[in-house]
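Values below: every heavy atom of this structure, side chains too, minus hydrogens, waters and symmetry copies. By convention in this document, chain letters (A, B, ...) are assigned in the order of the sequence lines, proteins followed by strands, and residues within each chain are numbered from 1.
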2 protein chains.
Amino acid sequence: MEKQHNLSKNQKIIFDLIDKSPEPLKAYSILFNVQKKGINAPLQVYRALDKLVEIGKIHKIESRNAFIACQNSSCQISKATAFSICESCEKVSEISNTKLSKYLSNFADEAGMKYSKYNLEFFGLCKKCKSK
Amino acid sequence: MEKQHNLSKNQKIIFDLIDKSPEPLKAYSILFNVQKKGINAPLQVYRALDKLVEIGKIHKIESRNAFIACQNSSCQISKATAFSICESCEKVSEISNTKLSKYLSNFADEAGMKYSKYNLEFFGLCKKCKSK
DNA sequence: CTTGTAAATGTTATATTATTACACAGTGTT
DNA sequence: AACACTGTGTAATAATATAACATTTACAAG
Ligand SMILES: [Zn+2]
Ligand SMILES: [Zn+2]
Ligand SMILES: [Zn+2]
Ligand SMILES: [Zn+2]
C-alpha cells in the first residue's frame, strides 16, 4: 500500500504544471507560470519542488537543473532514477527498466560498498533527431 | 596512443588546483584560489573548466556543481562517468569498474536505443561515516 | 615572413539558479 | 490551552553560470 501524500495548495499547483508539461521545467519558468495563481517568490517554488522531489512525485534532471514528473508509478522511493536525454532536442524520458534498476541497486564497488540511491543520466540522440 | 592535450596557462593553473584537491571544488572556490595567479573573472574559470571537462581531465559532479580530477587514466573519452558520493562527509570517488561501464555502454532502452554517454552518481555513506 | 584561422585571454555586465532569515497561519495532538 | 509540525508569504541576498565585445597567442598554409 502506497503512502498517500496529500499535496498542499502550492505543491499541487506546481505538480500539476510539471505533470502537464511535455518537457522538464526549470524553477524560474515554473515561477513565471504560476504567478497568476498567487505564487510570487522563488522560495515558494523551491519549497514545493523540494517536497515533491522528496516524496518522489517529481525528479530533478541534474544536468539540466530542471524538473520532470515521475513517469514510473513505482518510483515513490524516488531515489533510484534513470533518464535518457536527447542532446539535440532535449527530450527527457524516465527509464524504468527492472534489470537496470536491480543491477544498479545491487552494484558493489571495489570496497564491497553498496548504494541504495543513485541517479543515472544517459545522453544521446532520440529517434527523431537521429533520423534527421 | 592517447591524444596529447597541451593545456594552456589558465587551464593548467586550474587543473593543477583541482588535481591537488582531496575533494571536488566549486567554480567560485577555484576562482578565489587562483586570483593570486592573475585569474580574475568567473568566465576565465568556466572557460578552463569547460575545456578540461571536454578533454576528460576533470569531471563535473552534477549533483554538487563541483569538479574533480579524473582518477581513471583511461577516461579520455570523458563521457561515461560514475561516482560514489557520501551524503554525510561529501567524499566523492570516481568508480572505474569495467563490468559497470560495459553494462551501461551496452544498455539499450525499451526502444532499443543505445547511449554512448552517461553519468551515474551513487549516493550513500562512505566507510568512515557508516562506522560512526 | 605574412596571412589566415582557431583557440585562448581579459574585462564588464548580466542572467540564472538557489538559499537565508524572519514572521505568521493552519492542522492535529495532548 | 499548549505544543509540535508543516506550510505560507515576503524581502533580501548568495551562488552558479553566461553574453557580449575586444584583443592576443599559437600555429599552419601559402
Ligand atoms: Zn520516477
Ligand atoms: Zn531529440
Ligand atoms: Zn574519469
Ligand atoms: Zn563519508
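On the nucleic acid side, DNA chain D contacts chain A at distances under 4.0 Å to non-hydrogen atoms, with the end points of that region at dG7(D) to dA11(D).
In this structure, Ser84(B) OG and Tyr118(A) OH are separated by 16.0 Å, a value rounded to the nearest 0.5 Å. To the nearest 0.5 Å, atoms CD1 (Ile18(A)) and CD1 (Ile30(A)) are separated by 4.0 Å. Note that CG of Leu25(A) is 9.0 Å distant from CD1 of Ile68(A), once rounded to the nearest 0.5 Å.
OP1 or OP2 of dA18(C) sits under 4.0 Å from a side-chain N or O of Asn65(A). Applying the 4.0 Å criterion to OP1 and OP2 of dG10(C), one finds that Asn10(B) has a side-chain N or O inside that range. Phosphate proximity of dA8(C) to Lys9(B): absent, as no side-chain N or O sits under 4.0 Å from OP1 or OP2.
Atom pair Lys51(B):NZ and dA6(C):C1' shows a separation of 10 Å (rounding to whole Å applied). Atom pair Asn40(B):CG and dT9(C):P shows a separation of 13 Å (rounding to whole Å applied). A straight line from CD of Gln44(A) to P of dT19(C) spans 16 Å, rounded to a whole angstrom. Whole-Å rounding puts the Arg47(A) CZ to dA23(C) P distance at 14 Å. Atom-to-atom, CD1 of Ile13(B) to P of dA8(C) comes out at 14 Å; the value is rounded to the nearest Å.
Across Leu49(A) and Ala27(A), no two heavy atoms sit closer than the pair CD1-CB, 4.0 Å.
Ring geometry, Tyr103(B) versus Tyr103(A): the interplanar angle falls under 30°, so the pair is classed parallel (tilted spans 30 to 60°).
Applying the side chain to side chain donor-acceptor pair (under 3.5 Å) rule to Arg47(B) yields no partners; only residues at least two apart in sequence or on another chain are considered.
In this structure a side-chain-to-backbone donor-acceptor pair under 3.5 Å is present from Ser101(B) to Asn97(B).
The pair Glu121(B)-Arg64(B) does not meet the salt-bridge criterion, since no charged nitrogen lies less than 4.0 angstrom from a carboxylate oxygen. A salt bridge between Asp16(A) and Lys12(A) is present, with a side-chain N of the basic residue lying under 4.0 Å from a carboxylate O of the acidic one.
Mapping Gly38(B) and Phe67(A) onto DNA chain C by nearest heavy atom places Gly38(B) at the nucleotide closer to the 5' end. Toward the 5' end of DNA chain D, the nearer of the two residues Ser8(A) and Pro42(A), judged by each one's closest nucleotide, is Ser8(A).
The side chain of Leu43(A) sits closest to dT19(C) out of dA18(C), dT19(C), dT11(C).
Residue Gln11(B) is in sugar-phosphate contact alone, with no base atom involved, counting any heavy-atom pair closer than 4.0 Å across all strands shown.
At a non-hydrogen distance threshold of 4.0 Å, Lys26(A), Tyr28(A) from residues 24-37 of chain A come into contact with DNA chain C.
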